[in-house]
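Down below is the structure, laid out as structure tokens.
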Amino acid sequence: MNFVKLTRVRVANRKRFIIFISIVSILVLSLCIKGFISKDKDLAINAEADAKVKDVDTAKNTNDLALEKEKSPKGNQDKADTVVNELNDNEAQRENGQEKVPNEEAPKEEAPKEVQQKGSIEIKYDYNKEFQNCVFFGDSITESISYYKFVDESRVLGIKGLTSRKAMSKLDKVVEKGPEKIFILFGMNDVIDGEGTFIEGYTKLIDALKERLPNTKIYIQSILPVDDRAKKRSGNLNNPRIDEFNRALKEMAEKEGVSYMDVAAVAKQYGDELREPDGIHYKYKFYIVWLNYIKENM
């Protein structure tokens, strides 16, 4: 009887033990599985973070390398090589008549030949400096050289209404200045008098200057053209008549051994656009053209 009870107790205890062991095993297994899952998740997160850090570092290194290359002589050399290659390509295309200019506007149309011949009107020189040892001698057209402040008035002897004959009365003032060069422009007020009287008076003026200023270079300038508006002042003020006077002036300059400057030809390139409303006098811009011409031909 006791044996039977003891056996039953043992069997019951064994079952409890097995159940206990099973429960413990299940709990342990659950904990292990949960631990593995958590570890795998952490590893995945860490791997992703590492990848991001690596990407950032890679991008930074790439930028640093690019900047370093650009700063380095080799980087500059690479850019220079690129430019040289482009120039060589353009040269090859030019030889084949297929030149292309990248990133530039299409070539503009050339200006008409008439405009190209006239050239741009720009102050090219310091006229006060260039003509500091010179004297400009003439009528009101010459006077405007100082009026427009191109040359100091102390070196400009321009008097309204002055003719070549009356200019003899101003000779002392010219001599007092002792110029290295003298630029003379008379004739606009002489045209109505007649060619013979004009040349006669002009010749006497030149002879007197040569005698009193033997070391001075003398330049005779042609009479400037007019337009139809000048007829209001005198019917003799017209270009065919002025052209006759200029031919006589040129012959006189050759005989006298002095230089002749054909400023009339320069003025004709611009037509009436640089002339004042009276058809005789000239605007500010013409004086730039005129002085540039003198500077480049004296």
Side-chain angles (χ1 to χ4, degrees), residues 114 117-118 135-145 156-171 174 181-210 217-283 285-287 289-294 296-298:
E114 181 183 355
Q117 289 173 353
K118 291 192 299 188
V135 166
F136 291 86
F137 189 26
D139 53 28
S140 57
I141 293 177
T142 297
E143 181 184 21
S144 292
I145 294 175
V156 178
L157 191 58
I159 301 172
K160 182 179 179 180
L162 197 63
T163 64
S164 60
R165 288 180 292 114
K166 294 178 181 179
M168 287 292 290
S169 64
K170 307 297 179 183
L171 193 60
V174 176
K181 298 180 177 69
I182 180 170
F183 302 97
I184 305 173
L185 176 56
F186 288 110
M188 195 68 75
N189 298 304
D190 294 85
V191 170
I192 60 174
D193 292 342
E195 184 176 335
T197 306
F198 170 65
I199 293 300
E200 182 182 348
Y202 222 134
T203 301
K204 289 180 179 179
L205 176 64
I206 299 304
D207 288 341
L209 286 169
K210 288 166 66 176
K217 178 77 172 177
I218 299 173
Y219 295 86
I220 302 298
Q221 300 174 85
S222 57
I223 307 168
L224 296 174
V226 297
D227 61 34
D228 291 340
R229 293 172 292 182
K231 292 179 181 178
K232 294 180 180 179
R233 177 174 175 181
S234 172
N236 286 334
L237 288 176
N238 58 77
N239 288 329
R241 184 171 172 79
I242 289 174
D243 290 342
E244 291 178 9
F245 274 60
N246 281 336
R247 284 191 289 270
L249 264 182
K250 187 175 182 180
E251 291 177 6
M252 181 204 72
E254 292 175 354
K255 290 178 182 179
E256 292 291 321
V258 297
S259 299
Y260 178 78
M261 287 187 159
D262 192 4
V263 294
V266 178
K268 287 178 179 178
Q269 292 179 10
Y270 293 88
D272 300 336
E273 64 181 279
L274 300 182
R275 203 172 286 120
E276 293 284 4
D278 65 359
I280 301 171
H281 295 88
Y282 283 78
K283 298 178 181 179
K285 285 187 177 181
F286 172 74
Y287 286 83
V289 175
W290 182 12
L291 294 175
N292 286 345
Y293 171 81
I294 292 176
E296 293 164 5
N297 291 275
M298 66 182 186

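FYI, side chains are in, hydrogens and waters are out, and symmetry mates aren't considered; it's all heavy atoms of this structure.
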Please list, chain by chain and in numerical order, all residues satisfying salt bridge (charged side-chain N to carboxylate O under 4.0 Å, His left out) with E143, sequence neighbours excluded. none

Applying side chain to side chain donor-acceptor pair (under 3.5 Å), can you list everything that pairs with T203, at least two apart in sequence or on another chain? none

Ring pair (Phe, Tyr, Trp, His ring centres under 6.0 Å) against F186, all qualifying residues, sequence neighbours excluded: F137

Please identify each residue that fulfils side chain to side chain donor-acceptor pair (under 3.5 Å) with K170, with sequence neighbours left out. none

For S234, all residues meeting side chain to side chain donor-acceptor pair (under 3.5 Å), sequence neighbours excluded: none

Checking N189 against T163: is there a side-chain donor and acceptor pair closer than 3.5 Å? no

Residue list, side-chain contact (heavy atoms from CB on, under 4.5 Å) with K204, at least two apart or on another chain: E200

Who passes side-chain contact (heavy atoms from CB on, under 4.5 Å) against K268, sequence neighbours left out? P225, D243

Tell me every residue that passes ring pair (Phe, Tyr, Trp, His ring centres under 6.0 Å) with Y260, counting only those two or more places apart in sequence or in another chain. none

Residues in side chain to side chain donor-acceptor pair (under 3.5 Å) contact with R229, at least two apart in sequence or another chain: D227

Counterpart residues, ring pair (Phe, Tyr, Trp, His ring centres under 6.0 Å), relative to Y287 (two or more places apart): Y148, W290

Checking A265 now: which residues fulfil side-chain contact (heavy atoms from CB on, under 4.5 Å) with it, not counting sequence neighbours? D262

With sequence neighbours excluded, tell me which residues meet side-chain contact (heavy atoms from CB on, under 4.5 Å) with K217. K181, Y219, S259

Between H281 and S144: side-chain donor-acceptor atoms closer than 3.5 Å: no

